[in-house]
Number of protein chains: 2
Amino acid sequence: MVTALADRLAARGWRITPQRRAVLSALEGEHVHLSADQVHAAARGVVPEVSLATVYNTLNELIAMGEISEIRLADGTTRYDPKTGPDHHHLVCGGCGLTFDVAPRGVGGLSLPQGQRHGMAVETVEVVFRGRCPNCSRRD
Amino acid sequence: MVTALADRLAARGWRITPQRRAVLSALEGEHVHLSADQVHAAARGVVPEVSLATVYNTLNELIAMGEISEIRLADGTTRYDPKTGPDHHHLVCGGCGLTFDVAPRGVGGLSLPQGQRHGMAVETVEVVFRGRCPNCSRRD
DNA sequence: GTATATGCAAAGCATTTGCATTAAA
DNA sequence: TTTAATGCAAATGCTTTGCATATAC
């Protein structure tokens, strides 16, 4: 899988380095959304000398290329999300930031009336459900 | 209006200081969502010696009390939102961060099937529409 | 009078950047 | 060979904190 994505990126002019491959594998290996630090830790498992700076650079390039997306949590940190696409929704724990992808019902019925668009062209809609995960509920 | 809110907070044990009153007036006087710096600037118009630290402290207390809410933008900065309530949605410009409150149609129909809740108790739903404001579109 | 809020300046964090070095193509 | 990617460390920007002083109650 990493290979397929790497090839796709190479076709777009990317130089494939061990570091980038490590970052890609970190993103594909996990199911939850990862912080930059977590991506760094995972990438180090493959290529011990990857620097955090390279991880950030790579993540930002992937975002710019539309291959991953970022979610800003309420605590100010960022999570990076391997999946991509126009309609992509989340369930976030307000306690620990744990984040899941979800496919809610009724999204298709959402719309913003012209009168409320303030002259803006609406490009995407994101729905965020917030709550507390079992772990954090227990700690309340 | 500031008085009413101030009274409400006083009833909850808040000490009403000129600085806090200034922060409250800054939040109520504007229609758009403000950054901490913008709140600071506005508050200074009333009480010139308010410090940024006090503005942050006050904003965080207001958040904890549920009187305002915060929105983290894609660029990592935070906007503070005077209005409050369970169903509170936004329209955000991806170019400059300009943010509006909106009341979309179809929100009532949104739901997260049990199977996708990962054991979490869902407390709130937020819908974010993203696009580009007329100014930023012009710059593309 | 007493507990709390303030301002200042310093500390913290996550993220970005400059630059010399290294390596992919 | 040439251009781009890397690592390091320093810089950045927003936000928080410690502490002595001032002030609301």
Side-chain angles (χ1 to χ4, degrees), chain A residues 2-3 6-24 26 33-41 43-44 46-65 68-81 96-97 99, chain B residues 2-3 6-24 26 33-41 43-44 46-65 68-81 96-97 99:
Chain A
V2 171
T3 316
D7 287 353
R8 192 143 42 94
L9 295 171
R12 292 203 225 169
W14 245 40
R15 283 195 185 173
I16 301 304
T17 66
Q19 289 88 336
R20 284 180 172 175
R21 215 183 290 276
V23 169
L24 294 182
H33 301 68
L34 301 166
S35 66
D37 259 349
Q38 290 173 315
V39 173
H40 187 208
R44 280 187 147 178
V46 186
V47 178
E49 53 283 306
V50 202
S51 69
L52 226 205
T54 293
V55 169
Y56 273 111
N57 287 338
T58 304
L59 289 172
N60 286 334
E61 284 154 8
L62 288 170
I63 289 169
M65 290 177 165
I68 66 177
S69 58
E70 58 181 347
I71 319 165
R72 301 278 177 169
L73 303 184
D75 68 358
T77 61
T78 306
R79 296 294 162 97
Y80 298 88
D81 184 344
C96 63
T99 303
Chain B
V2 171
T3 315
D7 288 352
R8 191 143 43 92
L9 296 171
R12 291 203 227 168
W14 244 40
R15 284 196 184 171
I16 301 304
T17 65
Q19 290 88 336
R20 284 180 172 175
R21 215 185 288 278
V23 169
L24 294 183
H33 302 68
L34 301 166
S35 65
D37 259 350
Q38 291 173 315
V39 173
H40 186 208
R44 281 188 145 177
V46 186
V47 178
E49 52 284 308
V50 203
S51 70
L52 225 205
T54 292
V55 169
Y56 273 110
N57 288 339
T58 304
L59 289 172
N60 285 335
E61 285 155 6
L62 288 170
I63 290 168
M65 290 178 165
I68 65 177
S69 57
E70 59 180 347
I71 319 165
R72 300 279 175 168
L73 303 185
D75 68 358
T77 62
T78 306
R79 295 295 161 97
Y80 298 88
D81 185 344
C96 62
T99 302

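Residue numbering restarts at 1 for every chain, and letters A, B, ... go by the order of the sequence lines.
Proximity of A:Thr77 to A:Ser35: side-chain heavy atoms (C-beta onward) are nowhere separated by under 4.5 Å.
Direction of the helix axis in the helix from C:dG1-D:dC25 to C:dA25-D:dT1 shifts by 40° between the two five-pair termini, rounded to 10°.
Between C:dG7 and B:Gln19, a contact under 4.0 Å exists linking OP1 or OP2 to a side-chain N or O. Under 4.0 angstrom from either OP1 or OP2 of C:dA14 there lies no side-chain N or O belonging to A:Thr77.
For A:Glu49, the side chain to side chain donor-acceptor pair (under 3.5 Å) test picks out no residue, with sequence neighbours left out. Remark: A:Asn60 pairs with A:Ile63 by the side-chain contact (heavy atoms from CB on, under 4.5 Å) rule, at least two apart or across chains. With sequence neighbours left out, B:Arg15 forms a side chain to side chain donor-acceptor pair (under 3.5 Å) with no residue at all. A:Arg44 is linked by a salt bridge (Lys or Arg N to Asp or Glu O under 4.0 Å) to nothing, counting only residues two or more places apart in sequence or in another chain. Looking at residues two or more places apart in sequence or on another chain, you find a side-chain contact (heavy atoms from CB on, under 4.5 Å) between B:Thr17 and B:Gln19, B:Arg20.
In this structure a side-chain-to-backbone donor-acceptor pair under 3.5 Å is missing from A:His33 to A:Arg79. Here the side chain of B:His40 pairs a donor or acceptor atom with the backbone of B:Val50 at under 3.5 angstrom.
A side chain to side chain contact (heavy atoms under 4.5 Å, CB included) with A:Leu24 is found for exactly one of A:Leu62, A:Ile16, A:Ile68, A:Thr58, namely A:Leu62.
Of all heavy-atom pairs between A:Ala22 and A:Val47, the closest is CB-CG2, 3.8 Å. Listed here is the closest heavy atom pair of B:Arg12 and B:Met65: NH1-O, 3.2 Å. The two residues A:Ala26 and A:Ala43 make their nearest non-hydrogen contact at CB-N, 4.0 Å.
When the P atom of C:dC13 is taken as reference, atom CG of A:Leu52 falls 14 Å away, rounded to whole Å.
Among the heavy atoms of the strands lying under 4.0 Å from B:Thr78 are primed sugar atoms or P, OP1, OP2 only; no base atom is included.
Looking at residues 56-65 of chain B, you'll see B:Tyr56, B:Asn57, B:Asn60 sit with a heavy atom under 4.0 Å from some atom of DNA chain D.
Residues B:Thr78 and B:Arg72 have side chains that bring a donor and an acceptor to within less than 3.5 angstrom of each other.
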With the criterion being N/O to N/O and under 3.5 Å, what pairs connect the protein with nucleotides 23-25 of chain C, and how long is each?
{"residue": "C:dA24", "atom": "N3", "partner": "A:Arg15", "partner atom": "NH1", "Å": "3.4"}
{"residue": "C:dA25", "atom": "OP1", "partner": "A:Ile16", "partner atom": "N", "Å": "3.1"}

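Think of the region where chain B sits on DNA chain D: with heavy atoms and a 4.0 Å cut, that region ends 5' and 3' at D:dC14 to D:dC25.
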